[in-house]
*Asks:* 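Encoded as structure tokens, here's the structure I'll be asking about.
Order of the sequence lines sets the chain letters (A, B, ...), proteins ahead of strands, with each chain counted from 1.
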There are 2 protein chains.
Amino acid sequence: MPTERPTIADVAERAGVSKGLVSFALNDRPGVSPQTRERILAAARDLGWQPSLRARALSVNRAFALGLVITRDPEIITGDPFYPSFIAGVERELAPAGQALVLSVVPDEEAELAAYRKLVEDRRVDGIFITDLRHDDARIALADELGVPAVTLGRPEGASPFPAVSMDDRAGIEAAVDHLVGLGHRSIAHVAGPARMLHGSRRRKAFEDAMARAGLRATMIVETDFRAADGARATRDLLARQEDPTAIVYANDPMAIAGLGVAQRSGLRVPEELSITGFDGSDVAEHIFPALSTVATDAVSWGAVAARVLLQEIAGEEPGDTELPPARFIPRESTAASPEPIPRAER
Amino acid sequence: MPTERPTIADVAERAGVSKGLVSFALNDRPGVSPQTRERILAAARDLGWQPSLRARALSVNRAFALGLVITRDPEIITGDPFYPSFIAGVERELAPAGQALVLSVVPDEEAELAAYRKLVEDRRVDGIFITDLRHDDARIALADELGVPAVTLGRPEGASPFPAVSMDDRAGIEAAVDHLVGLGHRSIAHVAGPARMLHGSRRRKAFEDAMARAGLRATMIVETDFRAADGARATRDLLARQEDPTAIVYANDPMAIAGLGVAQRSGLRVPEELSITGFDGSDVAEHIFPALSTVATDAVSWGAVAARVLLQEIAGEEPGDTELPPARFIPRESTAASPEPIPRAER
DNA sequence: CTCCGAACCTAAACCGGTTTAGAGGAGCAG
DNA sequence: CTGCTCCTCTAAACCGGTTTAGGTTCGGAG
């Protein structure tokens with residue numbers, strides 16, 4: 001049976017000083033003579049004293065934890081390559097700082113707001129991550145109302161009192177389009193994410209801009225919910241159209257992989273007859289056949305930097321916005337020269 | 001500016017009673033007259049009082065949180081379909097109970113033990129989940145030493161003081177083998193998980209048993225680290241052997257998808273020339289071509305039940321071991337009748 | 001020799017709850 | 001009327017730290 005864990009009072013007694021002085025010594029604060037400090041530290045060591053995070057939390061009014069809420073239908077959360085890496089990056093910063101991550105996974109936006117509110121009102125966390133920004137994102141106002149430090153992944157549309165950590169995903173999409181145009185494609189479609197999600201519409205805009213710059217019309221765009229099933233549906237839609245795309249730019253990898261499945265199933269050869277690009281650099285995308293050309297984002301760094309910024313903010317500094325290296329396009333096997341434009345009927 | 005949040009003392013003053021009585025009233029404990037109780041509740045409501053979790057944590061010596069440590073190389077964590085669903089299930093139980101989940105993601109086993117220890121010694125959590133059991137798992141002893149309630153996913157090998165929540169994954173593997181044998185396959189290989197992970201070796205054993213029962217020899221088994229890249233490597237190994245498998249049973253979906261890629265790349269038609277099965281029922285597996293026959297596990301329920309058991313344990317009950325419905329095999333398109341056994345040379 | 005300030009330290013308040021010991025009053029039995 | 005019990009409630013201790021106000025001691029300046 002583990003004997004009662006020693007408290008600061010035990011240390012004080014053993015060192016023959018007052019509680020307060022022990023606290024000073026242990027926190028490296030001035031006003032303690034070197035000998036006494038040494039004696040106190042020795043006593044603490046002898047007793048195997050460890051600070052009680054709870055007592056500290058109560059007296060200094062800090063949680064020593066950060067909060068993240070992920071909004072995903074639990075049945076379909078699988079397959080998203082972003083969060084696990086992001087969290088690993090966050091952890092990389094938090095662990096050495098003695099902070100922890102409190103995670104909530106909720107099914108919808110209503111529950112999301114409630115979860116953030118609860119986390120903050122319970123004072124479980126000192127700051128929150130706001131990921132997957134949406135248009136008119138209610139979380140910005142909520143965090144502001146709650147007076148909690150926050151960091152946003154990407155810059156929100158309106159004014160935001162919080163620092164943003166952004167990664168230019170436009171560059172990756174543009175590079176993908178440029179790559180395809182360079183291969184002779186002129187009929188390029190885009191399977192977009194939800195328009196209400198900022199990165200969904202931003203990638204779509206990037207697609208449109210890149211097409212325009214290439215002198216092409218971006219007419220074939222299908223909106224999805226980012227899920228593999230919807231990526232498959234969107235691909236079927238596109239392949240059923242009059243004007244047949246010779247290339248499809250997907251807003252994420254799971255949809256691209258599902259789209260590849262649809263194309264292959266309908267007898268289309270990839271990349272000979274249809275080129276495909278993904279987004280997010282998931283592990284498995286590299287190993288399918290043909291290997292998926294995709295846009296890699298460094299979610300690990302994103303998490304690490306966001307965590308660092310949030311900690312700075314909590315510490316009272318005023319970190320500015322941060323721009324991470326842009327997402328970069330990785331050509332692999334799923335993209336190739338555009339086929340001769342042969343009317344579908346003759347195929 | 002949010003005015004200072006009211007404390008229990010404010011409520012007491014407004015209701016004209018002592019702090020202690022307020023605490024009694026708010027916790028529905030006997031010894032408070034109905035009128036007074038009503039007055040106290042009204043006062044709390046008027047002031048918008050909310051309990052301070054921190055103060056409560058300190059006085060009742062509880063964290064109101066559970067801990068989970070995930071061990072994965074951050075660079076390759078992506079693609080694992082299990083944890084996101086598992087966590088969603090956990091959350092489903094925790095949120096209504098007013099509990100939170102503290103998550104750590106660490107790169108290796110050493111850091112894993114340190115993370116658990118830190119979580120518990122900091123008293124950040126009241127109980128821990130032990131997932132991905134290994135042989136001679138040091139975490140059992142650690143949890144025992146720390147005296148922290150725990151729940152294991154699956155039954156560990158040795159004696160364990162903790163309740164286990166298990167899902168029979170053997171059944172799924174056996175069903176997969178039976179399915180393949182029924183299709184005429186006799187040369188079936190297995191791409192296994194790490195032998196030191198319990199579910200890795202258990203699935204392998206299930207494979208061997210099922211093969212034996214069918215009167216077949218389980219000679220073609222390759223061990224991997226569960227990652228897509230290693231699944232691809234294992235597949236190349238198998239396809240390079242003398243005795244050519246007509247079917248491969250993979251220990252998880254990412255490896256199966258990668259293996260499919262390898263097969264297709266080498267010109268093998270799936271399922272006509274090679275049948276493939278996966279494990280875990282990831283979202284995307286359903287949408288590739290051919291759609292992956294796989295074994296579905298209900299990770300969401302697993303999380304929910306594990307959380308419930310852990311909460312019971314913390315509440316002082318002594319929940320027994322739980323057995324979830326077994327994993328079940330879902331035949332799709334990646335499995336078909338065995339090809340005629342034609343020596344490779346003639347193909 | 002006196003006075004002042006710095007250095008070191010103690011005692012006590014504080015964070016915001018829970019819990020215990022016991023006070024006071026009402027109701028009831030004897 | 002007395003004594004006992006039960007009910008309701010208060011005061012204070014407690015959880016384990018941090019922080020503040022203030023008390024000693026000592027050396028050096030005047």
*Asks:* Report the distance from atom CG of B:Leu53 to atom P of C:dT18, rounded to the nearest whole Å.
*Replies:* 11 Å
*Asks:* Which is true for A:Gln35 with a 4.0 Å heavy-atom rule: it touches a base, it touches only sugar-phosphate, or it touches nothing?
*Replies:* nothing
*Asks:* Would you sort out whether B:Arg54 and A:Asn61 count as a side-chain hydrogen bond (donor to acceptor under 3.5 Å, both in side chains), showing the intermediate values?
*Replies:* CA-CA 9 Å; B:Arg54 282 178 199 157; A:Asn61 202 29; 2.6 Å; yes
*Asks:* Determine the minimum heavy-atom distance between A:Leu66 and A:Phe129, stating which atoms define it.
*Replies:* CB-CE1, 3.9 Å
*Asks:* Mind calculating the distance between CD (A:Glu38) and P (C:dC8) to the nearest angstrom?
*Replies:* 15 Å
*Asks:* Identify each donor-acceptor pair in which a side-chain atom of residues 307-316 of chain A lies under 3.5 Å from a protein atom, sequence neighbours left out, and give them as a table.
*Replies:*
unit_1	atom_1	unit_2	atom_2	d
A:Arg308	NE	A:Glu93	OE1	3.3
A:Arg308	NE	A:Glu93	OE2	3.4
A:Arg308	NH2	A:Glu93	OE2	3.3
A:Glu313	OE2	A:Ala150	N	3.4

*Asks:* Touch check for A:Ser23, heavy atoms < 4.0 angstrom, all strands: base, sugar-phosphate only, or nothing?
*Replies:* base
*Asks:* Does a nitrogen or oxygen in the side chain of B:Trp49 sit under 4.0 Å from OP1 or OP2 of C:dG16?
*Replies:* no
*Asks:* Rounded to the Å, how far apart are A:Ile8 CD1 and D:dC14 P?
*Replies:* 17 Å
*Asks:* Hey, are A:Glu112 and A:Arg134 close enough for a salt bridge, meaning a charged N less than 4.0 Å from a carboxylate O?
*Replies:* yes
*Asks:* Identify each atom pair where a protein N or O and an N or O of nucleotides 5-9 of chain D are less than 3.5 Å apart, giving names and distance.
*Replies:*
unit_1	atom_1	unit_2	atom_2	d
D:dC9	OP1	B:Ser33	OG	3.4
D:dC9	OP1	B:Thr36	OG1	2.4
D:dC9	OP2	B:Ser33	N	2.9
D:dC9	OP2	B:Ser33	OG	3.4
D:dC9	OP2	B:Thr36	OG1	3.2

*Asks:* I want to check one thing: is the phosphate of C:dG17, taken as OP1 and OP2, less than 4.0 Å away from some side-chain N or O of A:Arg54?
*Replies:* no
*Asks:* At under 4.0 Å, does any side-chain N or O of B:Arg56 touch on OP1 or OP2 of C:dT18?
*Replies:* yes
*Asks:* I want to verify a distance call: between C:dG17, C:dC15, C:dT19, whose nearest atom is closest to the B:Ser52 side chain?
*Replies:* C:dG17
*Asks:* Given C:dG17, C:dG16, C:dT19, identify the nucleotide with an atom nearest to the side chain of B:Leu58.
*Replies:* C:dG16
*Asks:* So what does A:Arg62 hit on the nucleic acid, given a heavy-atom distance under 4.0 Å: a base, only sugar-phosphate, or nothing?
*Replies:* nothing
*Asks:* Any side-chain heavy atom of A:Ile87 within less than 4.5 Å of one from A:Ile70?
*Replies:* yes
*Asks:* For the CD atom on A:Glu121, are there more than 12 heavy atoms of other groups (residues, nucleotides or ligands in this structure) within a distance under 6.0 Å?
*Replies:* yes
*Asks:* Heavy atoms, side chains only, cut-off 4.5 Å: are B:Leu153 and B:Phe82 in contact?
*Replies:* yes
*Asks:* For B:Lys19 and for B:Asn61, locate the closest nucleotide of DNA chain D by heavy-atom distance; then report the residue assigned to the nucleotide nearer the 5' terminus.
*Replies:* B:Lys19
*Asks:* Find the distance B:Glu13:CD to C:dG16:P and express it as a whole number of Å.
*Replies:* 14 Å
*Asks:* Just checking A:Arg123: base, sugar-phosphate only, or nothing, at a heavy-atom cut-off of under 4.0 Å?
*Replies:* nothing
*Asks:* Rounded to the nearest angstrom, tell me the gap between atom CZ in A:Arg29 and atom P in D:dG17.
*Replies:* 15 Å
*Asks:* Whole angstroms only, please: what is the CG-P distance between B:Asp122 and D:dG16?
*Replies:* 15 Å
